[in-house]
Amino acid sequence: MTTNIIIGGVGGQGILTIAGIIDMAAMQQGLFLKQSEVHGMSQRGGAVESHLRISDKEIYSALIPTGKADLILSIEPMESLRYLPFLAPNGIIVTATEPYINIPNYPEPEIILNEIRKHRHLLVDAEALARQAGNAKAFNLVMLGAASPYLGIASSVLEDAITERFISKGTDTVQMNLEAFRLGATHAKR
Amino acid sequence: MNPQLLLGAEAIALAAIDAGISGVYAYPGTPSTEITEFIQQSDVARQKGIHSAWATNEKTAYEAALGMSYAGKRTLICMKHVGLNVAADAFINSAITGVHGGMVVVVADDPSMHSSQNEQDTRVYGKFAFLPVIEPSEQQETYDAVRYAFDFSEEMQLPVLLRITTRLSHARSIVLPKAPRDENPFNPSTDKRKWILLPVNARVNYAKLLDKQKQLTAVSESSFLNKEIAGTGKKAVIAFGIAFSYVMEVRESAQLDFPVLKISHYPLPDKTIRAFTEHYDDILIVEEGYPVYEELLKGYFGNSKFHGRLDGTLPRTGELSPDILAKALGVEDGEARQAIPSVVAGRPPMLCQGCSHRDVFEELNTVFEAYPEKHLFSDIGCYTLGALPPFSAINTCVDMGASVTMAKGAADAGLHPAVAVIGDSTFTHSGMTGLLDAVNDRSPVTIIISDNSTTAMTGGQNSAGTGRLFDICKGIGVEEAHIRTIIPLKKNSEENKAILKEEMEYKGVSVIIAQRECVQTASRKRREKAKETPA
Ligand code: SF4
């Protein structure tokens with residue numbers, strides 16, 4: 001079984017943190033993984049994406065073929081639509097609803113949401129949940145929680161990976177991020 | 001040894017540390033930057049005292065690496081593909097001198113130009129220099145290949161070129177490291193005929209290099225990096241380097257069993273290729289980059305058996321992907337892909353809010369309004385984004401350093417004002433020599449060094465001339481009165497514009513150093529400082 005995930009967003013939004021946590025958890029669970037990411041110039045406020053593939057057998061390509069993504073996990077609504085050609089027929093879009101507007105021609109948010117609603121989807125007000133967890137910046141962890149039922153990795157393993165990721169920043173930071181993750185996960189189960 | 005999650009770039013770095021290097025030499029360039037950064041951040045490397053400071057440019061890096069090898073130590077040198085153009089003189093000649101301590105040259109190519117000016121294929125340089133080239137297909141193989149390449153380099157007494165591409169460098173996977181090896185002892189070479197490239201010696205060395213080719217080919221024939229995947233049918237694939245991963249992806253997912261020959265070691269293993277190709281009527285050649293070996297195998301007069309980038313079976317440009325391979329192999333899964341809805345707007349990269357380059361461009365644009373001719377020669381760095389709206393400020397961007405010299409040439413042709421904008425790191429990389437030309441010719445040019453005290457575009461590495469740009473320009477011969485320093489901030493805008501105007505009008509060489517630190521580097525430094533002194 002291979003799970004193909006595209007993580008989308010805007011440079012600087014913490015996409016690589018999400019990818020890093022899933023990577024770590026997948027490795028702990030004894031799975032194979034390949035994860036392709038974007039470095040360099042495009043990170044300056046541009047659209048960025050990470051292809052992440054997890055499998056119980058060897059993976060060859062770090063790039064996901066079009067039409068084969070089981071999950072598009074996006075921390076910005078418009079960015080979730082940019083990767084639609086990759087979405088598998090039964091794949092799901094899990095996206096944060098708060099727009100990141102750094103271009104003059106950003107479309108009407110409602111039009112974007114309507115486009116997303118045409119597909120299997122889960123909309124998350126990640127910022128509100130992150131604030132509830134104690135740090136509005138932790139919305140990427142909320143999104144990871146919201147996507148957790150679709151990753152094929154046990155939540156406890158993901159939580160261990162989160163702990164490992166933030167432990168150098170102190171136990172408070174770990175707790176806050178775990179809380180954000182759990183709020184996201186609860187939202188997904190509703 | 002515990003398994004680790006590593007980018008291809010990091011796998012190279014760890015492998016080099018484990019292979020016992022004493023130094024890494026590099027100038028930052030996407031997609032090669034993370035190799036050196038990994039070594040800079042490695043505790044093991046720090047304890048061992050492995051040299052890892054950034055060099056001024058790829059040529060100085062290359063020559064320093066060669067010097068370390070001369071002293072008997074193992075050394076890694078890394079750059080992006082266009083960096084090899086800068087280091088090419090030293091690179092080609094290092095094949096003639098050969099090396100002493102093992103030396104691995106990593107060059108990261110960027111097909112599809114994700115962050116580059118061209119798509120050049122470093123394997124051409126490998127052939128050009130008659131050096132062995134290794135091109136791994138995935139992360140574990142990359143780790144193993146680097147370890148192997150150091151031994152191989154010492155055995156052959158030649159630099160070994162390791163070619164990777166963006167997609168390998170910037171993709172992460174699980175890597176199992178091997179036990180580390182000690183550094184070589186300090187042991188300078190005493191062989192003067194080898195190292196002094198007087199024609200009388202160079203001719204001898206060149207003949208030796210050509211003689212070694214047979215041996216290099218023999219090594220390729222039995223290399224663990226090349227392998228055959230058995231299969232059935234009359235159609236087969238020869239896949240090079242990372243292209244192998246895309247071919248295998250399609251082969252597995254479509255449950256096909258065509259035979260595949262994977263090649264990751266050059267010069268080409270003649271016998272292996274010949275034996276393989278004889279069996280099949282139809283062979284797809286898959287290479288990431290130029291059709292280097294496709295051309296060779298097709299032969300001058302063409303051979304209809306071979307297909308690939310040359311006959312359009314694969315696209316002539318750009319990065320490969322599983323989709324491209326599926327199409328070339330005739331695999332269609334019949335499902336229509338969803339289109340990107342038209343509401344999705346482009347989101348190009350842009351200069352950060354608060355970036356000093358923003359002020360520089362705004363001030364320049366205003367000053368230019370008074371002139372009938374507005375031509376701003378630019379260079380390579382974050383400020384190249386000044387090409388995009390709302391600034392649309394620059395007219396050229398060709399290669400590192402070209403802003404200074406192109407402005408000079410245009411001034412020689414009569415352009416007034418002839419203005420160049422260049423970053424501090426790019427200026428020391430390749431702008432200084434051009435400035436000397438301008439000084440010697442007393443060309444009427446205005447060079448703006450947009451000095452943010454870092455190499456920002458690649459993530460904020462140290463910049464070679466930080467704090468010394470005034471002295472450097474003075475030393476090159478720019479008159480002190482025409483080296484002006486401005487602070488690009490809104491509150492100084494009027495004063496800055498007046499200075500710009502004054503220097504544009506000056507009929508000689510003037511340099512304006514627009515000095516304000518990159519906001520990204522500055523805030524990173526603040527965060528690091530806060531970490532050191534917890535409240
Ligand atoms: S990284 Fe620094 S130099 Fe580059 S755009 Fe941002 S502030 Fe400007």
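Labels below follow one simple rule: chain letters A, B, ... track the order of the sequence lines, proteins then strands, and each chain is numbered from 1.
Between chain B and the residues A:Met27, A:Glu115, A:Lys68, A:His51, the most heavy-atom pairs under 4.5 angstrom are made by A:Met27. Ranked by heavy-atom pairs under 4.5 Å with chain A, the list B:Ser173, B:Ala345, B:Pro390 is led by B:Ala345. If you tally non-hydrogen atom pairs under 4.5 Å between each of A:Ala88, A:Ala62, A:Pro85 and chain B, the highest count goes to A:Pro85. Ranking B:Ala456, B:Pro3, B:Ala326, B:Ser245 against chain A, the residue ahead of the rest is B:Ser245, based on heavy-atom pairs under 4.5 Å. For the set A:Ile112, A:Thr2, A:Val10, the count of heavy-atom pairs under 4.5 angstrom toward chain B peaks at A:Val10. Note on B:Gly346, B:Gly459, B:Ser137: by heavy-atom pairs under 4.5 Å with chain A, the leading option is B:Gly346.
Contact annotation for B:Ala339: only backbone heavy atoms (N, CA, C, O) come within less than 4.5 Å of a heavy atom of chain A. With a 4.5 Å cut-off on non-hydrogen atoms, A:Tyr106 touches chain B through its side chain but not through its backbone. Looking at B:Leu325, neither its backbone nor its side chain comes within 4.5 Å of chain A, counting heavy atoms on both sides. For A:Leu31, the part sitting under 4.5 Å from any heavy atom of chain B is the backbone (N, CA, C, O) and nothing else. Only the backbone of B:Leu320 comes within less than 4.5 Å of a heavy atom in chain A; its side chain stays farther off.
Other residues, nucleotides and ligands contribute over 12 non-hydrogen atoms within 6.0 Å of the OH atom of A:Tyr150.
Here OH of A:Tyr60 is found 8.0 Å from CZ of B:Arg251. Values are rounded to the nearest 0.5 Å. Between the CG atom of A:Asn102 and the SG atom of B:Cys352 there is a distance of 11.0 Å, given to the nearest 0.5 Å. Going from atom CD of A:Glu37 over to atom OG1 of B:Thr166 covers 12.5 Å, rounded to the nearest 0.5 Å. With rounding to the nearest 0.5 angstrom, the CD1 atom of B:Ile174 is 4.5 Å from the CG atom of A:Leu33.
Considering only heavy atoms from C-beta on, B:Glu34 comes within 4.5 Å of A:His39 through its side chain. Looking at heavy atoms from C-beta onward, A:Lys34 lies in side-chain contact with B:Glu138 at the 4.5 angstrom threshold. The side-chain heavy atoms of A:Ser36 and B:Arg167, taken from C-beta on, include a pair separated by under 4.5 Å. With contacts defined as side-chain heavy-atom distances shorter than 4.5 Å, the pair A:Arg44/B:Leu351 does not qualify. A:Leu63 has its side chain within reach of B:Tyr246: a pair of non-hydrogen atoms, C-beta onward, lies under 4.5 Å apart.
Between A:Lys57 and B:Glu252 there is no salt bridge, since no side-chain nitrogen of the basic residue lies less than 4.0 Å from a carboxylate oxygen of the acidic one. Between A:Glu76 and B:Arg347, at least one side-chain nitrogen of the basic residue sits less than 4.0 Å from a carboxylate oxygen of the acidic one, meeting the salt-bridge criterion. For A:Arg53 and B:Glu249, the salt-bridge test passes: some basic side-chain N is under 4.0 Å from an acidic carboxylate O.
For the residue pair B:Arg337 and A:Thr66, the shortest heavy atom distance occurs at NE-OG1, 2.9 Å. When all heavy atoms of A:Asp23 and B:Arg172 are compared, the closest pair comes out as OD2-CD, 3.3 Å. In this structure, A:Leu84 and B:Pro341 approach most closely via the heavy-atom pair CD1-CD, 3.6 Å.
No side-chain donor-acceptor contact under 3.5 Å links B:Asp323 to the backbone of A:Pro65.
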